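To start, the structure itself, in structure tokens.
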Amino acid sequence: MNTPVSRSIDRCMQGVLPRTPTLEDESQLAFYETVRNFAIGEMFPRLSQQLVARADAAKLPDHGARLPLRQLRALAEPLPLSGAWKRVMRSQQQLAWDKIRSSLLANAARYEAELDAAECAHPERIHCDPQFVTPDYAKFPIHLQPGGYVGDTLAGYVFHHGTKVFYQGFNDQDELHILNAQHVRAPADGKVRRVLDVGCSIGQGTTALKQRFPAAEVWGLDVGLPLVRYAHKRAVDQGVEVHFKHGLAEDTGFPDGHFDVVLAYILFHEVPARLFDSIVTEVRRVLRPGGTFTIIDAPAANSGSDTLAAGNRFWLDFDSQYNCEPYSPAFVATDVPELLQRNGLEVLHSGAMPSFLWHTQAQKPAIK
Amino acid sequence: MGTTMQQDVDGVVPKSPIDMPPDRDEPAFLPHPLMDRLVDVALSLGAELYAERDRRRTLEAILVEQGVLAADAIELHRFNEAEQPSRDADRIAFVQRLYGALNKLQ
Ligand SMILES: C[S@@+](CC[C@H](N)C(=O)[O-])C[C@H]1O[C@@H](n2cnc3c(N)ncnc32)[C@H](O)[C@@H]1O
């Protein structure tokens, strides 16, 4: 009755979503996902209301939306709900990562073997440079993921289970990635031979782009080697022919004019602002004239709302301080169309997505 | 690093790359660090409890589906001597998982 279940039982996949090695881990992660939904869907709106009420009581303009962060923090400090919300957000994140890591570590050797096997099966589709040096800015454990994107050989597996919780159930079958691929701008002449998914993580967008452009050669590129290796394994398992490259968005190593379409999905808010110009310049270089670049990311300074509500700024501040999102405040303060224009791209469209995100589409000017 | 960003906005750049901060650096959001840890305890407890409920529901559904389980079989069950040690070990591990967070207080 009480014999521990063997952790080596293969519980297979649920569609394109891997299952944890045990039902117990799956149940606990489902629980943390529900705790996260509760914190975001029920606690946060009340906290926002309380913040606004305090701002209004103090007769602050714009319901406190323009307060400098230090004062915004002070405004929130006396609210017991503020501490409780922050604690629940951070604890569910930490506890979920702990659960994922301990769950997967029990089978570490098997996962390493899977990664090696995929590489042996299709070495021509994974492109790594043994001399690659990871820049320091990419080493932070974003979202508190232990080891971050580069410091844990199983980071791809960990990321997949972790983002399942993060997306609160809306992306179990890559639904958001498929939606993103549909919002990628195709070049006006309709010619799409090569597509690049820059900052591809585990390649969910890369495979979705292959679905959208089946005749094209589709590439994913990421600074995290463990992510790229997992992305490759995942694509091989799915029988989808795409390429992955371990590299840098700001220095991709691809030839000039190589791609017709480039996508950057939630890459920018995770890189330092000082790199924005060099990434856009690099994308411009690898695009052919008339090729397109679509950025999908958090709503930023250009998203229409003049300034974020006090509650949302409080959340952004919490993320940057306590959820290891060091770079996102600078991204949110950025005018994305302006960034693209000043680096020689023509902005075609900028607008909300049917998700929580925003997309901006641009093209490299055609040669006259 | 990240200096441009700090000029742009008053966000925060973390101190050390890669490693999770040692527990001593764990922020306290509540009036006493013990209260922060108690939230961890409460969440872990919820997760453990929910996993058990989920498993029992799964098990009972299968057993009933297969006609193996009589309605009162669980209530009437007694563990035998051979089963008891692993039952005890499971409970000890359960307590350690649940209250391990308290042991992290510095
Ligand atoms: C939030 S994830 C992107 C999600 C991904 N596009 C998807 O479809 O799920 C950000 C990714 O950007 C990568 N990254 C960060 N800086 C990078 C850089 N300079 N060059 C390439 N990738 C980078 C990280 O390793 C991480 O995988």
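Only heavy atoms go into these numbers, but all of them, side chains included; no hydrogens, no water, no symmetry mates. If you're wondering where the values come from, they're calculated on a predicted model, not measured in any experiment.
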Which residues satisfy the side-chain contact (heavy atoms from CB on, under 4.5 Å) test with A:Q71, sequence neighbours excluded?
->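 With sequence neighbours excluded, A:Q71 shows a side-chain contact (heavy atoms from CB on, under 4.5 Å) to A:L67, A:P68, given in chain and number order.
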Donor on one side chain, acceptor on other, A:S27 and B:D54, under 3.5 Å =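 A pair is found: one side chain offers a donor N or O, the other an acceptor, under 3.5 Å apart.
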Regarding A:Q94 and A:D98, is there a side-chain donor-to-acceptor distance under 3.5 Å anywhere?
->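 No, because no side-chain N or O of A:Q94 sits under 3.5 Å from a partner of the opposite role on A:D98.
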Name the region of A:F276, side chain, backbone, both or neither, that has any atom closer than 4.5 Å to a heavy atom of chain B.
->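 Contact with chain B: none, neither part.
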Is B:E83 paired with B:R87 through a side-chain N to carboxylate O contact shorter than 4.0 Å?
->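 B:E83 and B:R87: not salt-bridged.
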Stepwise side-chain hydrogen bond (donor to acceptor under 3.5 Å, both in side chains) test for B:D88 and B:Q84 | CA-CA 6 Å; B:D88 292 340; B:Q84 196 56 40; 3.0 Å; yes
Option in A:T34, A:V88, A:L95 with maximal non-hydrogen atom pairs under 4.5 Å from chain B =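 Sorted descending by pairs with chain B, the first entry is A:L95.
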Choice from A:E24, A:Q28, A:R87 maximising heavy atom contacts with chain B below 4.5 Å |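 Most heavy-atom pairs under 4.5 Å with chain B: A:R87.
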Which one, B:D36, B:D40, B:V39, leads in non-hydrogen pairs under 4.5 Å with chain A?
->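 Of the candidates given, the most pairs with chain A belong to B:D36.
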Interchain contact, B:L30 with chain A, by part (heavy-atom threshold 4.5 Å) |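 The side chain, not the backbone.
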